[in-house]
Amino acid sequence: LRERKQMGYSTNFTGELKFTAEATAPQLAALKAMMGEDCREHPEWNAPGLYYIDLELTDDFTGIKWNGAEKTYELEKLVNVVLRVMREKWPQFGLTGTLGAQGEDVEDRWALQMGEDGFAHKVKRAMTGKIVTCPHCDERFALEDAQG
């Protein structure tokens, strides 16, 4: 069993990235083989400084999503590694969609968005509402504005 970093910053991701065309059985097999792998063990992927591919296939096999790993770093770069590797064999392979990202810090909100160039990009998301700090636990929260 591989040991993962236990210290560090956590970010949670929501949503799915869908395939731009129905994936074939060989494509699904190739993707499944990459999921959860450590980039450092695959120099052929040319992904220096990156760690685990914290992605998994969706239940209906129409795309990929975050696998819920405790610590995920630079997911947009990892998605681009998957795209590059897959396109070596299937040049038309692509993804569409957006994953929402929320870090431990309430203000650390962004989106992993598939761009018109066919690659994943990190896009800042604007905060809405007022940021408050709990007087008991010092946790920071965003209060949504109530309109009615």
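The basis for the numbers below is simple: all heavy atoms, side chains too, and nothing from hydrogens, waters or symmetry mates. Heads up: numbering here begins at 1 and tracks the sequence.
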Tested for side-chain hydrogen bond (donor to acceptor under 3.5 Å, both in side chains) against Trp66, the lone hit among Thr72, Asp54, Thr11 is Thr72

| said: Hydrogens and angles aside, do Asp108 and Tyr9 bring a side-chain donor and acceptor to less than 3.5 Å of each other? | reply: yes

Looking only at heavy atoms, which two atoms of [X] and [Y] are closest? And how far apart?
X      : Y      : result
Phe119 : His121 : O-CD2, 3.0 Å
Ala120 : Val79  : CB-CG1, 3.8 Å
Gly36  : Tyr52  : O-CD2, 3.5 Å
Phe19  : Phe61  : CE1-O, 3.4 Å
Met34  : Val82  : CE-CA, 3.8 Å

[X]: side chain to side chain contact (heavy atoms under 4.5 Å, CB included) partners, not counting sequence neighbours:
X     : result
Thr62 : Lys18, Thr58, Asp60
Gln27 : Ala23, Thr24, Met86, Trp90, Phe93
Thr20 : Thr96
Lys77 : Leu50, Glu74

Legend entry - Donor-acceptor contact below 3.5 Å, side chain Asn12 vs main chain Gln102: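 No; judged by distance alone, with no hydrogens or angles, the pair does not exist.
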
Nearest 0.5 angstrom please: [X] [atom1] to [Y] [atom2], how far?
X      : Y      : atom1 : atom2 : value
Lys65  : Met35  : NZ    : CE    : 12.5 Å
Leu55  : Ile64  : CG    : CD1   : 4.5 Å
Asp105 : Ser10  : CG    : OG    : 12.5 Å
Leu78  : Leu83  : CG    : CG    : 11.0 Å
Glu116 : Met114 : CD    : CE    : 12.0 Å

Residue pairs passing the salt bridge (charged side-chain N to carboxylate O under 4.0 Å, His left out) test with at least one member in residues 80-101, sequence neighbours excluded, are none

If hydrophobic clusters are built from ILVMFWY residues whose side chains come within less than 4.5 Å, do Leu28 and Ile53 share one? yes

task: Test Gln113 against every option in Leu99, Leu17, Thr98 by the side-chain contact (heavy atoms from CB on, under 4.5 Å) rule and name the one that passes.
output: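 Output: one option passes, namely Thr98.
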
query = If you count the non-hydrogen atoms of other residues, nucleotides and ligands that lie under 6.0 Å from CD in Gln92, is the total more than 12?
reply = no

Hits for ring-ring contact (aromatic ring centres under 6.0 Å, His included) against His42, two or more places apart or cross-chain, chain-then-number order -> Trp45

